[in-house]
Amino acid sequence: MKKLLLIKYGELTTKKDNRNLFINMLCTNISKILKDYDFKIIKTRVRMFIEIDENKMDEIILKLQKIFGIHSIVICDKVNNNIDEIGEKIVSILKNKDFKTFKIETNRSNKNFYLTSPEVNRELGGYVLKRMEKTVDVHHPDIFVNIEIRDDFTYIYLNEYKGAGGYPVGVQGKGLLMLSGGIDSPVAGFLAMKRGINVSGLYFESPPHTSNEAKEKVINLGKILNEYSGLFKLHIVPFTDLQEAIYRNVPDNYIITIMRRMMYRIAEKYAKKNAFKAIINGESVGQVASQTLSSMICINDVTSYPIIRPVCCMDKLEIIDIAKKIGTYETSILPYEDCCTVFVPKHPVINPELSKCLEYEKRFDYETLVDECVNNIQVINISKKEYNDIL
Ligand code: ATP
Ligand code: MG
């Protein structure tokens, strides 16, 4: 049996100029996420319908709930614009439900229909009361029966499933997420996607100081993020030579500051080269020494690119809350080392000075090493399951 899902658009209803772009992007994203299922999308100006196989309905709704740009998902029945047919359908839907009171709510965009919305409510309410031992409660009903009378058909639905909101991924172009194996950066990526950014990950690895398991963990985080976009790619930076050079040339307490300046340099160069319009990361003010405002001045000094820090003003507990909701938390807490933790000094500087950074950086030819990193980045298309080859 086929079933119809009605998709109510999210914030895009307010963006009239970009409406077509938004709807087409949402349509493309839904098609990608549902590619393993039989489905048909029917677009209208204000709504979208997806015809699916009833047996797959529960799994499909779970997948749709992860797609940005959807306000809500509604399972609905479609009948002709005929009051008896509508009434009969309502009774057949309500037969299997456990409730005492109900309310009919009609929305009539078809102004040629011979009854007004209040008249339809009364007519259909009466139809149900005659056939079922129930009562109408217009204030606090157990069940709302929603009726939409449109030009072509009438749609009937009971409950709405909440969608993920936001904008369809892709309407804002591409962004490059500095993705570590930690808790914060996947959450930052998720929040950026919600604003319509097509997010790809940039992961700095330093084998043999960091392990294959650490990389696998980041790939697994990429797989989870991919469920929200169907477009996720992971770009892996071979960071070992540059990191060892920093370790050899820079005093202990400045290692992290310089390392992060190098990360930003690499991210910016790579972003420019590949048309990423912003760099996104999981920095949060005050969380660690490299994320004090003084550190951030010093680190940010190497780039003029837009840096988006979606979790910058959130408490750790708030970030953890989102990580749990989006499914990244359990993977993030697995105990594998990151390049930032392998070389972590005992006392990183909390108020670094820019002049010192410049002085230490003169001690080695970091530019060549930065270029080598940028030129040797490996790309794994997570949405195309390319990770199997490298694990
Ligand atoms: P997370 O912030 O993801 O929980 P973390 O707290 O261990 O991990 P920090 O040392 O706080 O990471 O680094 C701040 C941000 O820098 C991270 O959120 C991430 O965006 C970026 N970052 C750190 N290490 C890496 C890495 N190995 N590859 C890519 N980005 C990284
Ligand atoms: Mg962090």
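Every number for a ligand or one of its atoms is a count from 1 in the order of the listing.
Each of R309, Q291, K316 was scored for a side-chain hydrogen bond (donor to acceptor under 3.5 Å, both in side chains) with D184, with one residue passing: K316. When each of F239, Y270, Y264 is checked for a ring-ring contact (aromatic ring centres under 6.0 Å, His included) with F204, only F239 meets the rule.
The atoms of ligand 1 that sit less than 4.0 Å from any heavy atom of N281 are 20 (O). Close approach of ligand 1 to I183 (heavy-atom distance below 4.0 Å) involves ligand atoms 1 (P), 3 (O), 4 (O). Heavy-atom proximity to Q287, at under 4.0 Å, picks out these atoms of ligand 1: 6 (O), 11 (O).
Atom 15 (C) of ligand 1 has its nearest heavy-atom neighbour, among R260, M259, R309, K316, in R260. Here atom 1 (P) of ligand 1 lies nearest to D184 when heavy atoms of V187, D184, I320, I266 are compared.
Ring geometry for F49 versus Y155: interplanar angle under 30°, hence parallel rather than tilted (30 to 60°).
An N or O contact shorter than 3.5 Å links F204 to ligand 1 by distance. Inclusion of Q291 in the set of residues having an N or O under 3.5 Å from an N or O of ligand 1 is warranted. Looking at M263 next to ligand 1, no N or O pair under 3.5 Å apart turns up. Residue I280 has no N or O atom closer than 3.5 Å to an N or O atom of ligand 1.
Under a hydrophobic-cluster definition in which Ile, Leu, Val, Met, Phe, Trp and Tyr are linked whenever side-chain heavy atoms come within less than 4.5 Å, directly or via other members, V138 and L158 are assigned to the same cluster.
Contacts between L202 and ligand 1, counted as non-hydrogen atom pairs separated by less than 4.0 Å, involve the backbone only. With a heavy-atom cut-off of 4.0 Å, L179 touches ligand 1 through its backbone alone.
The closest side-chain donor-acceptor pair between K273 and N375 falls under 3.5 angstrom.
At distances below 3.5 Å, at least one donor-acceptor pair connects side-chain atoms of S185 with backbone N or O atoms of S180. In terms of modelled atom types and a separation under 3.5 Å, the side chain of K217 and the main chain of G181 share a donor-acceptor contact.
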Next on the checklist: Test side chain to side chain donor-acceptor pair (under 3.5 Å) on N24 and K43; report intermediate values, then the result.
Outcome noted: CA-CA 9 Å; N24 290 337; K43 275 189 285 184; 2.9 Å; yes
